[in-house]
Amino acid sequence: MPAARESLLDAAFTALVRRPWSAVRMVDVAASAGVSRQTLYNEFGSKDGLARALVRREADSYLAGVERALAGSAGAGDRLTATAEWTTTAARENALVRAMLTGCWTERLPAPPLTAVPSTTTVPAQRRADGPLPTPRDFVRIVRDRAATALAGPGTAPDDTAELLRSCELVVRLALSCVAAPTTEGGMADLVRAVLPRHPV
């Protein structure tokens, strides 16, 4: 991603932390990023385009964290626990991630339509942002599938794959429930362990 675009998204995110999206001004975002307002409009087209790009970036960042949690040689239970803990941490620390995972968009946040919008931009990153944005159901499916792929051994039988998908989905849904009702310190590992014996991975 070009440096100017990333700086503008950083500036927009910082502005959103300080004030509602309705009060975020394009001129202030451009000034904070140290670029002209024209550069901002060239990259995003409009404030709605900036909102879509910001939501897309935060979605990608959350999913990159899922990949990190699933990487490594730890046991399946530990990697699923790490994924669940990342989900709850990301949602707690980032209001956009929380809104994307739960579908609960507050008045403080931009709430772009999740369906694709007509795009006339020549900027590839903006064309992607103008495409469909993930729904909570999409996140469940994406994280479930990535977890199952990361945990499946070579030659996993179809029945075992189906069971693995069910186990991973249960853990993802468990994590999302903990976004709404947080666990105590260390409680996530206990919850994941309680799920896995009945749904082995």
Side-chain angles (χ1 to χ4, degrees), residues 1 6 9-10 13-14 16-17 52-106 109 112 114 125 128-129 131-201:
M1 183 177 291
E6 190 64 26
L9 289 170
D10 287 343
F13 186 83
T14 299
L16 179 60
V17 169
R52 291 187 72 82
L54 186 58
V55 169
R56 170 57 67 188
R57 184 183 75 161
E58 299 310 307
D60 290 346
S61 178
Y62 163 70
L63 292 172
V66 167
E67 294 288 351
R68 288 190 300 274
L70 291 168
S73 58
D78 290 340
R79 288 191 277 169
L80 285 174
T81 297
T83 301
E85 288 174 341
W86 162 249
T87 295
T88 57
T89 298
R92 183 176 59 247
E93 295 177 355
N94 187 322
L96 281 175
V97 170
R98 182 181 181 93
M100 285 186 281
L101 292 177
T102 63
C104 298
W105 296 84
T106 71
L109 300 175
L114 299 181
R128 181 168 180 261
L133 296 170
T135 66
R137 181 178 293 172
D138 293 332
F139 279 111
V140 170
R141 176 185 49 79
I142 292 166
V143 176
R144 176 203 66 194
D145 291 352
R146 290 186 184 188
T149 299
L151 300 177
T156 303
D159 286 349
D160 293 337
T161 299
E163 188 63 27
L164 178 59
L165 283 167
R166 281 191 292 274
S167 295
C168 291
E169 182 163 339
L170 279 171
V171 171
V172 174
R173 291 185 180 280
L174 179 68
L176 292 177
S177 74
C178 293
V179 168
T183 63
T184 58
E185 181 87 20
M188 185 63 72
D190 292 338
L191 291 173
V192 171
R193 275 195 299 272
V195 167
L196 294 184
R198 290 192 295 278
H199 304 275
V201 293

Item checked: Test side-chain contact (heavy atoms from CB on, under 4.5 Å) applied to Val171 and Thr83, step by step -> CA-CA 9 Å; Val171 171; Thr83 301; 5.9 Å; no

For residues [X] and [Y], determine if any side-chain heavy atom of one lies less than 4.5 Å from a side-chain heavy atom of the other.
X: Val97; Y: Thr87; value: no
X: Arg141; Y: Asp138; value: yes
X: Met100; Y: Pro136; value: no
X: Val143; Y: Trp86; value: no
X: Thr88; Y: Pro182; value: no
X: Tyr62; Y: Leu96; value: no
X: Leu80; Y: Cys168; value: yes
X: Val66; Y: Ile142; value: no

Next item on the list: Would you please name every residue forming a salt bridge (charged side-chain N to carboxylate O under 4.0 Å, His left out) with Asp10, sequence neighbours left out?
Entry: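 Arg57.
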
Margin query: Going by the rule salt bridge (charged side-chain N to carboxylate O under 4.0 Å, His left out), which residues pair with Glu169 if we only count those two or more places apart in sequence or in a different chain?
Written below: Arg144, Arg173

Any residue meeting side chain to side chain donor-acceptor pair (under 3.5 Å) with [X], in chain and number order, not counting sequence neighbours:
X: Asp78; result: none
X: Thr81; result: none
X: Thr149; result: none

Check: Restricting to pairs with a member in residues 59-76, which pass salt bridge (charged side-chain N to carboxylate O under 4.0 Å, His left out), not counting sequence neighbours?
Finding: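 Matches after skipping sequence neighbours: Arg56-Asp60, Asp60-Arg128, Glu67-Arg146.
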
Next item on the list: Might you work through the side-chain contact (heavy atoms from CB on, under 4.5 Å) test for Phe139 and Thr102, ending with a clear yes or no?
Entry: CA-CA 10 Å; Phe139 279 111; Thr102 63; over 6 Å; no

Next item on the list: Just do the side-chain contact (heavy atoms from CB on, under 4.5 Å) check on Arg137 and Val140 with the steps written out, would you?
Entry: CA-CA 5 Å; Arg137 181 178 293 172; Val140 170; 5.7 Å; no

Checklist line | Ala91 to Leu101 - nearest heavy-atom pair and separation | finding: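 Reported closest heavy-atom pair: CB-CD1, 4.2 Å.
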
Next item on the list: Would you name the heavy atoms of Val192 and Gly77 that are closest together and state the gap between them?
Entry: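 Looks like CG1-O, 4.1 Å.
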
Next item on the list: Kindly compute the distance separating CG (Leu170) from CG (Leu165), expressed to the nearest 0.5 Å.
Entry: 11.0 Å

Notebook entry, point to check: Looking at CG of Leu191 and CD of Glu85, how far apart are the two atoms once the value is rounded to the nearest 0.5 Å?
Noted result: 10.5 Å

Check: Would you say the side-chain atoms of Arg98 pair up with the backbone N or O of Arg92, donor to acceptor, closer than 3.5 Å?
Finding: no

